[in-house]
A.B. asks: 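Please read through the structure below; I'll follow up with questions.
Only heavy atoms go into these numbers, but all of them, side chains included; no hydrogens, no water, no symmetry mates. Numbered from 1 within each chain, the chains take letters A, B, ... in sequence-line order.
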2 protein chains.
Amino acid sequence: MDPEIMRYRSSSCQRGEGTRRRILETAIEVFGTYEYDGASTRMLAERAGVNLPAIQYYFGSKEGLYRAAIEQIIRDIEERMSPVAAHVTARLAETDLDRGGVLDLLHLLLDNFAEFVLSGDQPEARKRLLVRAEADGMNALEPLQASMAENVVGPARALVGRLIGRAPEDQCTGLRTLAILGQVGVFCNRGARQGLGWTEIGGDRVRAVQAIVREHTAAIFAAIGPS
Amino acid sequence: MDPEIMRYRSSSCQRGEGTRRRILETAIEVFGTYEYDGASTRMLAERAGVNLPAIQYYFGSKEGLYRAAIEQIIRDIEERMSPVAAHVTARLAETDLDRGGVLDLLHLLLDNFAEFVLSGDQPEARKRLLVRAEADGMNALEPLQASMAENVVGPARALVGRLIGRAPEDQCTGLRTLAILGQVGVFCNRGARQGLGWTEIGGDRVRAVQAIVREHTAAIFAAIGPS
DNA sequence: GTCTATAGTCGGATAGAC
DNA sequence: GTCTATCCGACTATAGAC
């Protein structure tokens, strides 16, 4: 689709701003639940309490709304994770950081990541869209992946690389990093959670996951050091 | 939708059997790529090299074809994982099984699980549909979850429970089990793999994942025993 | 900015010939 | 069993009044 149709009233006066936001919030919810093709503009409009053409007016098209929803998710990641990423990067540059310090930073990163993907403001909706965007065929996900790479995977690789005495770009570093992050990621899967009897995730459960992942990660790097 | 419209020519004479299979294989591929609503019956028919009404003829409806595709995936899981599950269960019932033996069984299970989800016959298509089915709103996924629970998660919980001295149904057992399985699961995510430069997964890469997960798992249970 | 009405397209399903 | 032709509903998007 034409790349130059975005920003249709991206932030106009005042009157429409509330409407715009309501449509956007609804869209994150609905696209997350029904997937792009499964969510009709009628459903979107109805649930947002607006009329049909409002979508065209504010976002140009259904696809424009979808892209705006993804961008909102990216802003959420950025807001939540980039301070952590920046802190990790800064501390990692210091010279007086011992192995225990690096491990602490990894725990910090994992804790924040767990809290972000498992909890969050709109618990289910946002993360579902995040996961769903994985293979949408519209390439609306590339910036999302880039943001995840920059704010989560990148810093994690740097830490893991340091712990095992390899470069962050090293393939082995990447493998171990993904495996460790995967311990958190599974819990995004609704099917997986059902086996625990968890229909929803609250603060207690986020902390339970954090504790387990901490223990596992500590055990892994107690056994595996610089070769 | 009416539950009694399935099995429309489930296995008729001979002539149509080849056609039926071709449609089914195509459906797994196409539903996996474009999602249920994104895949049109026209696209399905064209790629399978059949005419439009063939879908109605063999599967009753688009939804019938979808359910048949999911059932095929379930048969694949069953075929691949249930022998492993049976072996694990049998060995676990024996009395002369020491801690090392239990850990070996867990490694066996994880190796097979990794090989199943990462490799397989039709590499990408099948597992994408498997992941996609997660929240389809049609409840076609329940038997799939049940199959995964029986053939993968269940045996894994039994092993992990034994290793940490807790019941398989224990919540803590479940948490650790999912975290460990998650180490394998991440690699299903295309976005995650891209960070490794892996556009596709072959035998070497499956073995690399298996090796890493083995090391991590061994380290975890070296540090964490019966409390 | 907000809305009603409607245009134009495409999808799932069916009828009925062969 | 296989196919062409077609129906009909649902969808995205737009025109234009207020």
A.B. asks: Please report, rounded to the nearest Å, how far the P atom of C:dA13 is from the NZ atom of B:K62.
C.D. replies: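 Rounding to the nearest Å, NZ of B:K62 and P of C:dA13 are 8 Å apart.
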A.B. asks: At under 4.0 Å, does any side-chain N or O of B:T19 touch on OP1 or OP2 of D:dT2?
C.D. replies: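 Looking at the OP1 and OP2 atoms of D:dT2, one of them is under 4.0 Å from a side-chain N or O of B:T19.
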A.B. asks: Can you tell me how far P of D:dA13 sits from CD of A:E63, to the nearest Å?
C.D. replies: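 The distance from CD of A:E63 to P of D:dA13 comes to 9 Å, rounded to the nearest Å.
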A.B. asks: For A:F59 and C:dG1, give me the distance from atom CZ to atom P, rounded to whole Å.
C.D. replies: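 Distance check: A:F59 CZ to C:dG1 P gives 13 Å.
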A.B. asks: How many Å lie between OH on A:Y34 and P on D:dC11, as a whole number?
C.D. replies: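 These atoms are roughly 13 Å apart.
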A.B. asks: Find the distance A:Y57:OH to C:dT4:P and express it as a whole number of Å.
C.D. replies: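 In whole Å, C:dT4 P and A:Y57 OH are 17 Å from each other.
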A.B. asks: Could you check whether A:R75 and A:Q72, counting side-chain N and O atoms only, form a donor-acceptor pair closer than 3.5 Å?
C.D. replies: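 Result is yes, a qualifying pair exists.
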A.B. asks: Has A:K62 got its NZ or CZ under 6.0 Å from the middle of the six-membered ring of A:Y36, at an angle within 45 degrees of the ring axis?
C.D. replies: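 Geometry flag: set, cation within 6.0 Å and 45°.
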A.B. asks: Do A:E29 and A:R126 meet the salt-bridge criterion of a basic N to acidic O distance under 4.0 Å?
C.D. replies: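 Salt bridge flag = no for A:E29 with A:R126.
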A.B. asks: Can you find a pair of side-chain heavy atoms, one from A:N139 and one from A:E142, that are under 4.5 Å apart?
C.D. replies: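 Contact flag for A:N139/A:E142 side chains = yes.
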A.B. asks: Looking at A:Q56, does any N or O in its side chain come under 4.0 Å of the phosphate oxygens OP1/OP2 on D:dA13?
C.D. replies: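 Yes, such a contact exists.
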A.B. asks: How far apart are the C-alpha atoms of A:Q56 and A:S61, what are their side-chain angles, what is the distance that settles it, and do they pass the side chain to side chain donor-acceptor pair (under 3.5 Å) test?
C.D. replies: CA-CA 5 Å; A:Q56 268 71 23; A:S61 66; over 6 Å; no
A.B. asks: Roughly, in whole Å, what's the span from CD1 in B:I55 to C1' in D:dC3?
C.D. replies: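 B:I55 atom CD1 is separated from D:dC3 atom C1' by 14 Å.
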A.B. asks: Please test A:R67 against A:E63 for salt bridge (Lys or Arg N to Asp or Glu O under 4.0 Å), starting from the C-alpha separation and ending with a verdict.
C.D. replies: CA-CA 6 Å; A:R67 303 191 107 93; A:E63 187 178 338; 2.3 Å; yes
A.B. asks: With the threshold set at under 4.0 Å for non-hydrogen atoms, list the residues of residues 36-54 of chain A touching DNA chain C in residue-number order.
C.D. replies: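 Result for residues 36-54 of chain A: A:N51, A:P53, sorted by number.
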